[in-house]
Protein chains: 2
Amino acid sequence: MADRVSKLQSASAYQRSTIRDVAAKANVSVTTASRALNGTGRMSDETRERVRAAAAELDYRPNSIARGLVQQRSFTLGLLTNDMYGRFTLPVAAGLSSAMADRGVSVFLSAGEYEPDSLKLTLGAMEEKRVDGLVITGKRIDRGLPIELPSLGMPVVYVYAAAPEGAVSFVPDDTNAARDAVRHLVNLGRKKIAHITGPRAFKAANLREAGWRSALAEAGLEPFGEAMFSTWTEAHGYAAAHALIAAGERPDAIFCGNDQIARGVIDAFALMGISVPDDIAIVGFDNWEVFAAATRPPLTTVDMGLPGLGRSAGLALLDMIDGEPVAPGIRETPCTLVVRESCGAKPD
Amino acid sequence: MADRVSKLQSASAYQRSTIRDVAAKANVSVTTASRALNGTGRMSDETRERVRAAAAELDYRPNSIARGLVQQRSFTLGLLTNDMYGRFTLPVAAGLSSAMADRGVSVFLSAGEYEPDSLKLTLGAMEEKRVDGLVITGKRIDRGLPIELPSLGMPVVYVYAAAPEGAVSFVPDDTNAARDAVRHLVNLGRKKIAHITGPRAFKAANLREAGWRSALAEAGLEPFGEAMFSTWTEAHGYAAAHALIAAGERPDAIFCGNDQIARGVIDAFALMGISVPDDIAIVGFDNWEVFAAATRPPLTTVDMGLPGLGRSAGLALLDMIDGEPVAPGIRETPCTLVVRESCGAKPD
DNA sequence: CTGAAAGCGCTTACAG
DNA sequence: CTGAAAGCGCTTACAG
């Protein structure tokens, strides 16, 4: 038992083999061993194979710390987020870390408030760890870091966050996604399409509203009233749905700025005895499974492709680290509409 | 513009100062500079101060890679999760990373399916990076890794996941949390307390049911029917609420196994015209803000204290890394009841 | 095709 | 109180 505990708990008595051990076992110099393992240099296949076999036999794991010291690369990235809740960050992080894993780079996660002092601590740690690059993310596309990034001497990429002038950033293409969602409604024959969404202060709300207007205009339709801006909550959707019905003429579809609002709307209609999608079709935004799958009926909604965003950001960062120029600017990445049952179309 | 881009993008022309620069500037040896900065060794305050001033002036950042190489410590931890969704993982990760940040250690996040091949890739990366320890987390307390962990030569801690015999693990104290939740109902004068929860196959569901029974027993009350096991979904809560009412005698309270179920229950009662909490009090489990705050009325529910779990796990891991023995076993960590309005008590 | 040697940036006995 | 030197585990000119 004591043995078992110490085996599980400590590194004591565990001696990793080094490249010297491999070289000795294969009867070559350390230089040759290094080259054989890294696939560099020219050497006979036999030698290379012999070194590889020795490494396998010794269960050799190169020490990337030592390698990093000489190559001046740590093969690590830092990911900063203030989304403690994880709604946006975890999908981004998962996409990022899995794309990076294939390339041998690991990512440090630092989750905390974007408050100057703790940010300074975090950035200091990232500098000391010599991360090769930084990705900064958050929970809204119009907020970035509250401090100016000191000159860190490392490339930085922004994802789902506001970026300073000249930086590289990745955000979902809110406008086109909204346009596609509304086109879906139009194609289904809906003509009186209302819009209920988040606060005017959010850029995402404005972009989605613009998409709504644009899709209506191209279809020759008038907006059904003004967009109803308020909080991103179910309560807003619920209240807005009631207001819409109380106002008299009934829309035949509603494009909602997020899934929570859509949820509130659907709940309100259920209580009023209004049928979705027969009487009114509903589209959401976010494809937040736990909401989109739980509404009755399940919600047709926009998926922002967050893992893809994380992945793209990581790949761009890798290019920058390798010294390849990456054009600065905001990349608006396409979203996809996930069709369920709330609009009456055949689900995907 | 080209300047600005290159400044933001690359490390070119950015030369970090090393401890040699600091030593030179302070007119001391590298040895003394190292000791001054690390607060080790004895030396005059004047010397130490001079070195620190030099470091500050040069904006010196110790290279933790170099330090790690000699100290055989990387000051990093790995966090493995298969909770892509982030529901449990991000709070754990946030608690862990912030507790670790104070101690100069950073944490690698690896999020992906717990599938043997990708797991092997991830573990390999962690080994090459020479992480000092590993924390393994997941989305249910009775599932761990699908493979046996190879002998990694590093300490491992489990959080919100099943752990092998002899390992150190941290989970919420589901039983006592459930007991507290039900006691709350009892103290409010409720006597007919039903239980609607997740699948029997989940350990968490069984523990919470046991807590429910135990609290009732100590109050001299009979369980109101059998616990209703099924999926952790709103749909289950919704259907179970209907079943309960259809069965005739009405409970005066329901302890729900999670917030989604509670949500379904509350929605069902709203449609049936049954008032919460006047007719029936409801308690949930998870304190998942987006549900707990959105129900009408807001939900009284159990908070598992996930950030604290992450923090405790990190601290235990640090002890193990330092060679201090940590008793193996499962640590059941206290939860707290967050009182809102669904039971009729005065909110916190 | 292969190797001896220098060096990445630190820490830490060892010596004074 | 302070420093010269060795060494952590690699990679990479340089030389043959």
Side-chain angles (χ1 to χ4, degrees), chain A residues 11 14-52 54-55 58-76 104 125 127-132 153, chain B residues 11 14-52 54-55 58-76 104 125 127-132 153:
Chain A
Y14 187 93
Q15 199 46 40
R16 279 200 160 88
S17 43
T18 70
I19 198 167
R20 299 179 56 134
D21 302 322
V22 175
K25 183 162 196 116
N27 261 306
V28 295
S29 69
V30 165
T31 305
T32 299
S34 171
R35 287 202 274 247
L37 263 12
N38 291 317
T40 56
R42 337 205 98 275
M43 73 189 61
S44 72
D45 286 353
E46 191 276 329
T47 306
R48 201 179 294 273
E49 220 17 81
R50 188 151 38 87
V51 173
R52 292 212 165 126
L58 294 170
D59 192 30
Y60 169 68
R61 304 287 164 147
N63 182 332
S64 91
I65 305 236
R67 170 186 290 163
L69 190 59
V70 14
Q71 296 192 157
Q72 305 282 57
R73 288 259 320 244
S74 63
F75 308 98
T76 65
E127 283 191 270
E128 298 198 355
K129 252 78 180 192
R130 297 295 192 270
V131 298
D132 298 325
Chain B
Y14 185 93
Q15 199 46 39
R16 279 200 160 88
S17 44
T18 71
I19 198 168
R20 299 180 55 135
D21 302 323
V22 174
K25 183 161 196 116
N27 261 307
V28 294
S29 69
V30 165
T31 305
T32 299
S34 171
R35 287 202 275 246
L37 264 12
N38 291 318
T40 57
R42 340 204 97 275
M43 74 188 61
S44 71
D45 287 353
E46 190 277 328
T47 306
R48 202 178 292 274
E49 220 16 82
R50 189 150 38 89
V51 174
R52 292 212 165 125
L58 294 170
D59 190 30
Y60 170 67
R61 303 287 164 146
N63 182 332
S64 91
I65 304 237
R67 170 185 292 163
L69 189 59
V70 16
Q71 296 192 158
Q72 304 282 57
R73 288 258 321 242
S74 63
F75 310 98
T76 64
E127 283 190 88
E128 298 198 354
K129 252 79 180 192
R130 296 296 192 270
V131 297
D132 299 324

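Quick note on labels: first sequence line is chain A, next is B, and so on, each numbered from 1. All heavy atoms count here, side chains included; hydrogens, waters and symmetry mates do not.
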Show me the donor-acceptor pairs within less than 3.5 Å that the side chains of residues 61-68 of chain B make with the rest of the protein, sequence neighbours left out.
from, atom 1, to, atom 2, distance (Å)
R61(B), NH1, E127(A), OE1, 3.4
R61(B), NH2, D59(B), OD1, 3.3
N63(B), OD1, I65(B), N, 2.8
N63(B), OD1, A66(B), N, 3.2
S64(B), OG, E128(A), O, 3.2
R67(B), NH2, N38(B), OD1, 3.1

Counting only pairs under 3.5 Å, give me each side-chain donor-acceptor contact of residues 17-28 of chain A, with atom names and distances, residues two or more places apart or in other chains.
from, atom 1, to, atom 2, distance (Å)
S17(A), OG, L58(A), O, 3.1
T18(A), OG1, R20(A), N, 3.1
D21(A), OD2, T18(A), N, 2.7

(request) Would you write the dot-bracket representation of DNA chain D, where each base gets (, ), [, ], | or . depending on whether it forms a Watson-Crick or G-U pair under 3.5 Å and with which partner? (result) |||.||||||||.|||
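- By the side-chain hydrogen bond (donor to acceptor under 3.5 Å, both in side chains) test, T31(B) is found to be paired with no residue, residues two or more places apart in sequence or in another chain being considered.
- If you check every strand for non-hydrogen atoms under 4.0 Å, V30(B) touches a base.
- Considering CG of L37(A) and CZ of R52(A), their distance stands at 7.0 Å, rounded to 0.5 Å.
- Within residues 17-26 of chain B, the residues having any heavy atom under 4.0 Å from DNA chain C are, by residue number, T18(B), I19(B).
- Mapping T32(B) and P62(A) onto DNA chain D via the closest heavy atom, the residue that lands nearer the 5' end is T32(B).
- Atom-to-atom distance recorded for E49(A):CD and M43(A):CE is 11.5 Å, nearest 0.5 angstrom.
- A search for side-chain hydrogen bond (donor to acceptor under 3.5 Å, both in side chains) contacts involving T40(A) returns nothing, not counting sequence neighbours.
- Separating the C1' atom of dG16(C) from that of dT12(C) is a span of 16 Å, rounded to the nearest Å.
- DNA chain D is contacted by S34(A), R35(A), N38(A) of residues 34-46 of chain A, taking any non-hydrogen atom closer than 4.0 Å.
- As judged by a 4.0 angstrom heavy-atom cut-off over every strand, S64(B) is placed among residues making no nucleic acid contact.
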(request) Just do the side chain to side chain contact (heavy atoms under 4.5 Å, CB included) check on K129(B) and T76(A) with the steps written out, would you? (result) CA-CA 9 Å; K129(B) 252 79 180 192; T76(A) 65; 4.0 Å; yes
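- Residue pairs meeting the salt bridge (Lys or Arg N to Asp or Glu O under 4.0 Å) criterion with at least one member in residues 29-41 of chain A, sequence neighbours excluded, do not occur.
- Contacts of R73(A) classified as salt bridge (charged side-chain N to carboxylate O under 4.0 Å, His left out), with partners at least two apart in sequence or in another chain: D132(A), D322(A).
- Applying the side-chain hydrogen bond (donor to acceptor under 3.5 Å, both in side chains) rule to T47(B) yields the partners S44(B); only residues at least two apart in sequence or on another chain are considered.
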(request) Report the C-alpha distance between Y60(A) and R16(A) in whole Å, list the side-chain angles of each, state the deciding distance to 0.1 Å, and finish with yes or no for side chain to side chain contact (heavy atoms under 4.5 Å, CB included). (result) CA-CA 7 Å; Y60(A) 169 68; R16(A) 279 200 160 88; over 6 Å; no
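- Residues passing the side-chain hydrogen bond (donor to acceptor under 3.5 Å, both in side chains) test with R50(A) are E46(A), sequence neighbours excluded.
- Think of the region where chain B sits on DNA chain C: with heavy atoms and a 4.0 Å cut, that region ends 5' and 3' at dG9(C) to dA13(C).
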